[in-house]
Amino acid sequence: MPSSLRTLLKGQSRFMSQYYEVIGISGDGDALAEVRANEGIKTHVVEMTRTITPIKDLKATYQLYKIFKAERPEIVHTHTPKAGTLGMLAAKLAGVPYRLHTIAGLPLLEVSGKKRMLLDAVEKFTYRCATHILPNSLGLENIILENNYTNAKKLTVIGNGSSNGINTKHYDASTVTEAQKSALRKDLGISENDLVFIFIGRIVKDKGINELVHAFDNLSTKNTNCKLLLVGPRETHLDPLLPETEAIIAKNNAILAVGVQKDIRPYVTISHVLTFPSYREGFPNVVLQCSCMELPCIVSNINGCNEVIEHQLNGLIIPVKDQNTLEDAMQFMIDHPVERKAMIPHTRSRILERYEQEYVWNELLNFYQNLD
């Protein structure tokens with residue numbers, strides 16, 4: 001999807017253009033036009049699907065192969081599962097010397113049965129086609145080894161993790177004015193006395209939304225001065241929520257589903273706690289962004305999340321798929337404002353030390369320049 005180039009890798013192509021000729025490839029759309037304008041790079045369009053579509057996948061692979069033969073790149077670096085499989089195969093067939101695939105999460109971990117067997121086979125095939133695999137968290141590296149997808153020699157975690165780091169100047173609470181915050185609170189019906197929990201991401205089952213909505217629904221019957229902001233797109237065709245979850249979102253006036261927002265910063269600055277009970281991640285950008293904007297975070301105990309958050313220092317870590325513990329953690333944040341506020345000094349400082357964007361870019365550049 002072109003939004004991956006535009007958002008997930010924002011700024012990286014422009015930085016690398018100082019050292020390499022960079023070409024971006026994705027599906028078409030307004031986001032790809034923004035990439036050309038903002039990153040200053042040449043682009044090609046190859047439509048790829050996010051599901052298993054053999055005919056379309058073969059067509060996309062052939063298109064990628066033709067592009068690689070024509071452009072003759074030294075490096076092909078893929079992101080996202082489908083682009084990785086097709087891109088690594090096409091690059092190998094085209095004789096590209098360095099074939100890098102970043103792993104930013106493994107959706108197949110939530111699948112079982114014959115589909116899991118198929119996806120495991122595809123994952124191993126992708127890694128065989130690549131010369132280097134770049135898990136974007138230390139925990140993900142361990143999962144790859146535990147599942148025998150490839151050998152340790154092929155694996156490298158860039159820096160301390162993350163695919164792109166974080167622009168700490170952009171994700172700074174001081175960039176949003178008091179007037180902007182006041183206007184947004186008024187628009188959403190949030191009072192100064194409300195404690196606001198926020199979720200940012202895809203509103204889907206795998207992000208723990210069923211557990212989050214049910215936990216908050218229980219919580220809001222006991223605590224009238226709290227709100228839950230849900231910021232992000234629905235993907236009902238790929239990973240739908242339970243019908244009862246949808247019913248709660250519709251009827252509970254304290255749950256505010258605001259959809260996709262191009263700029264999440266105003267919503268973060270009127271919030272007090274990020275709730276992110278995801279089932280699986282590679283390295284969670286949202287946790288980086290909200291921590292950088294001085295929000296304590298409640299996260300599930302999964303790779304990536306538990307590398308950014310230290311329990312009771314800059315947030316709370318809870319078991320995966322545990323609605324009761326999630327509700328208890330949210331109640332803790334309400335009942336213990338002193339402890340919650342004591343977490344704030346350890347939020348942004350940790351991101352500045354470990355995940356500053358230019359640090360990650362320079363670590364990746366160093367990896368490119370030392371490929372062998």
Side-chain angles (χ1 to χ4, degrees), residues 173 185 188-232 241-242 244-258 264 267-281 284 286-291 293-302 304-306 308-347:
R185 284 195 197 97
L188 295 172
I190 295 172
S191 77
E192 292 284 350
N193 297 323
D194 284 334
L195 191 141
V196 181
F197 298 97
I198 187 170
F199 169 87
I200 303 169
R202 293 177 295 116
I203 311 300
V204 295
K205 181 190 74 173
D206 278 6
K207 293 293 185 182
I209 299 298
N210 289 315
E211 291 83 356
L212 175 58
V213 167
H214 283 78
F216 181 80
D217 193 46
N218 292 337
L219 194 79
S220 63
T221 63
K222 300 174 284 187
N223 305 271
T224 55
N225 288 334
C226 62
K227 295 285 193 298
L228 172 63
L229 275 173
L230 299 176
V231 182
L241 301 178
L242 293 171
E244 49 266 40
T245 302
E246 294 283 12
I248 292 170
I249 294 172
K251 76 175 183 181
N252 189 330
N253 293 330
I255 300 177
L256 308 170
V258 299
I264 64 168
Y267 294 87
V268 176
T269 56
I270 65 167
S271 302
H272 300 91
V273 179
L274 173 71
T275 45
F276 196 72
S278 181
Y279 297 175
R280 57 170 183 82
E281 291 294 321
V286 167
V287 178
L288 290 179
Q289 293 159 358
C290 289
S291 293
M293 296 186 72
E294 302 180 280
L295 256 60
C297 302
I298 299 172
V299 301
S300 43
N301 190 16
I302 57 173
C305 289
N306 55 20
V308 179
I309 301 303
E310 187 174 335
H311 188 61
Q312 295 187 336
L313 179 71
N314 56 349
L316 301 174
I317 300 176
I318 61 169
V320 181
K321 303 180 184 179
D322 192 328
Q323 178 185 318
N324 293 333
T325 308
L326 174 56
E327 184 180 338
D328 290 344
M330 296 169 79
Q331 188 69 60
F332 177 89
M333 293 298 198
I334 294 172
D335 292 343
H336 299 87
V338 173
E339 288 87 343
R340 173 173 55 80
K341 290 174 183 176
M343 296 176 183
I344 293 173
H346 303 285
T347 53

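Index from 1, following the sequence. As the structure is a prediction and not an experimental result, all values here were calculated from the model.
- Shown here is Asp335, whose CG atom has more than 12 heavy atoms of other residues, nucleotides or ligands within 6.0 Å.
- Between Lys207 and Glu281, the closest heavy-atom pair is NZ-OE2, 2.6 Å.
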Review point. Can Leu188 and Ile270 be said to form a side chain to side chain contact (heavy atoms under 4.5 Å, CB included), step by step?
Key: CA-CA 10 Å; Leu188 295 172; Ile270 65 167; 3.9 Å; yes

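- What you find for Ser300 and Val320 is that their closest heavy atoms are CB-CG2, 4.1 Å.
- With a 4.5 Å cut-off on side-chain heavy atoms, Leu241 and Val213 do not count as touching.
- Within the model, atoms CG of Asn301 and CG of Asn306 stand 5.0 Å from one another, a figure rounded to the nearest 0.5 Å.
- Between Phe197 and Phe216, the angle of the ring planes goes over 60°, which puts this pair in the perpendicular group of the 30/60° scheme.
- One side chain, Asn252 or Asp217, offers a donor N or O that lies under 3.5 Å from an acceptor on the other.
- Between the side chain of Ser271 and the backbone N or O of Val273 there is no donor-acceptor pair closer than 3.5 Å.
- Under the 3.5 Å distance criterion, the side-chain polar atoms of Asp194 are matched with a main-chain donor or acceptor of Ser191.
- Lys222 contributes atom NZ, which lies 5.5 Å from atom CD of Gln331 (distance to the nearest 0.5 angstrom).
- Lys205 is not listed as a side-chain neighbour of Thr245, based on a closest heavy-atom distance of 4.5 Å or more.
- Listed here is the closest heavy atom pair of Ala173 and Glu294: CB-OE1, 4.1 Å.
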Exercise for review: With salt bridge (Lys or Arg N to Asp or Glu O under 4.0 Å) as the test, would you mind laying out the steps for Glu211 and Lys321 before giving the verdict?
Suggested key: CA-CA 7 Å; Glu211 291 83 356; Lys321 303 180 184 179; over 6 Å; no

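- Contact between Ile334 and Cys226 at its shortest, heavy atoms only, is CD1-CB, 4.4 Å.
- Remark: Ile200 CD1 to Gln289 CD distance equals 7.0 Å, nearest 0.5 Å.
- In terms of heavy-atom proximity, Met333 sits nearest to Leu195 at O-CD1, 3.8 Å.
- Side-chain contact between Leu316 and Met343 is present, with heavy atoms from C-beta onward closer than 4.5 Å.
- Using modelled atom types, no side-chain atom of Ser291 and backbone atom of Leu288 make a donor-acceptor pair closer than 3.5 Å.
- Two residues are said to be in side-chain contact when any heavy atoms from C-beta on lie closer than 4.5 Å; Ile198 and Ile264 fail this criterion.
- His311 contributes atom NE2, which lies 11.5 Å from atom CD1 of Ile309 (distance to the nearest 0.5 angstrom).
- Ile344 has its side chain within reach of Pro296: a pair of non-hydrogen atoms, C-beta onward, lies under 4.5 Å apart.
- Using a 4.5 Å heavy-atom cutoff, the side chains of Leu274 and Val287 are in contact.
- The CG atom of Leu295 lies 11.5 Å from the CG atom of Asn314; values are rounded to the nearest 0.5 Å.
- Closest of all the heavy-atom pairs between Gly232 and Ile203 is O-CG1, 3.6 Å.
- Atoms NE2 and NZ, on His272 and Lys341 in that order, are 8.0 Å from each other to the nearest 0.5 Å.
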